[in-house]
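Keep in mind the model is a prediction, meaning the values are calculated, not measured.
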Amino acid sequence: MSYRPTIGVFDSGFGGLTVLKALLEVVPGADYAYFGDTARLPYGSKSVDTVARYAVEASHYLESQGAQLLVIACNTATALAFDRICAATHVPVVGVVEPGAEAASLATKNRKIVVIGTDATVTSHAYRKALEQKGLEAREKACPLLVPLVEEGWVEHSVTEQVARIYLAEAFADGFHDADTMVLGCTHYPLIKPLLRRVAPGHVNIVDSAESTARAVSAHFQELLPHRDGAAAERRVAPRLKFFATDSTEKFRRLGQMFLGHPIETVEHVDLKE
């Protein structure tokens, strides 16, 4: 019998695999089930009620797969539906917004933060609210072209660099030129972190909410570990990974490899009811 806890990771698509990648580095003593709701993405154009319904369905599915902790690795779902997900599930839930805001509060010296993300995440003002609760001044900047460029594989393309340069020039203008910390409020953005590092002002700390979330999960992890003999030996085994997608499994394997950083062998197709 396995004594390793299972952590469920949910996203509307592929970006959450950057959170899973960070989790595998920081919390290697767990098994993982990843659910990508690829048939119903993007979530950013959908209503709060629809996003909440989809996210709760996916969360229940991951619970049925034995998840003892859920990571909402989707900025939109965290921003729009975190409380609804927590209320509807029976296990601890960690989202990406609060860990990103907490990491930014620790990184900043002058308490001025820029957050870049998708339209839906920025429109929700979830990061701004979380940062302002910590006494920080925040500016949010929507960068809608970056996700399709990343999914095209153009992570070091001159077009992507030019687009990012325009967005960040706007983000750091008008009184925010001295902001010293930038939060990557989208799980696609870690793939272009080297490019963003080049384009951002030299004095800026970059906070990756995927890494911050993995560290937040690590803090919960000891609570999940059963105190039994044999648990230590079991923890040394490589994590078991299960992948579930609601659309093409072939596309998930192909695109997912770019986000996870290594091949994805098997993806199970899941058909959630509308």
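- Side-chain N or O atoms of His220 include none that pairs as donor or acceptor with a backbone N or O of Pro92 at under 3.5 Å.
- Between Phe244 and Tyr34, the distance separating the two ring centers is not shorter than 6.0 angstrom.
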Margin query: Please evaluate residues Lys21 and Glu25 with respect to the criterion salt bridge (Lys or Arg N to Asp or Glu O under 4.0 Å), reporting the C-alpha separation (whole Å), side-chain torsions for both, the decisive distance (0.1 Å), and the verdict.
Written below: CA-CA 7 Å; Lys21 181 180 181 180; Glu25 291 169 10; 5.3 Å; no
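- Taking the six-membered ring where tryptophan is involved, the planes of His60 and His90 are essentially parallel, since the angle between them stays under 30° and well short of 60°.
- Formation of a donor-acceptor pair under 3.5 Å by the Gln257 side chain with backbone atoms of Ile264 is not found in this model.
- Here the closest non-hydrogen pair linking Tyr43 and Cys74 is CD2-SG, 4.3 Å.
- Proximity of Val27 to Tyr32: side-chain heavy atoms (C-beta onward) are separated by under 4.5 Å at one or more points.
- With rounding to the nearest 0.5 Å, the separation of CZ in Arg215 from CD in Glu102 is 10.5 Å.
- Inter-residue side-chain proximity for Thr181 and Val114 is flagged as unmet; no heavy-atom pair is nearer than 4.5 Å.
- Side-chain contact between Phe176 and Glu137 is present, with heavy atoms from C-beta onward closer than 4.5 Å.
- Ser124 and Thr121 share no side-chain donor-acceptor pair at under 3.5 Å.
- At least one side-chain heavy atom of Leu131 sits less than 4.5 Å from a side-chain heavy atom of Val115.
- Side-chain N/O atoms of Ser209 and Ser212 include no donor and acceptor closer than 3.5 Å.
- Judged by a 6.0 Å distance limit and a 45° cone about the ring axis, Lys141 is not positioned over the six-membered ring of Tyr167.
- In terms of modelled atom types and a separation under 3.5 Å, the side chain of Ser64 and the main chain of Tyr61 share a donor-acceptor contact.
- The shortest heavy-atom contact between Ala214 and Val26 is O-CG1, 3.9 Å.
- Lys193 places a side-chain heavy atom less than 4.5 Å from the side chain of Leu184.
- Closest non-hydrogen pair, Ala30 versus Ile7, comes out as CB-CD1, 3.8 Å.
- When all heavy atoms of Leu70 and Ser59 are compared, the pair lying nearest together is CD1-CB, 3.6 Å.
- Distance CZ/Arg53 to CZ/Arg84: 10.0 Å, rounded to 0.5 Å.
- For the pair Thr213/Thr187, no side-chain contact is recorded, criterion being any heavy-atom separation below 4.5 Å from C-beta on.
- A donor and an acceptor atom, one from each side chain of Asp37 and Ser12, are nowhere located under 3.5 Å apart.
- For His188 and Phe259, the ring centers are positioned less than 6.0 Å apart.
- The two residues Tyr127 and Glu140 have their closest heavy-atom pair at N-OE2, 3.8 Å.
- Rounded to the nearest 0.5 Å, atoms CD1 (Ile113) and NZ (Lys134) are 11.0 Å apart.
- Between the Thr160 side chain and the Glu156 main chain, no donor and acceptor come within less than 3.5 Å of each other.
- Panel note: side chain Asp31, backbone Thr6; no donor-acceptor pair is recorded below 3.5 Å.
- When side chains are defined from C-beta on, Asp11 does not count as touching Leu17, because their heavy atoms never get closer than 4.5 Å.
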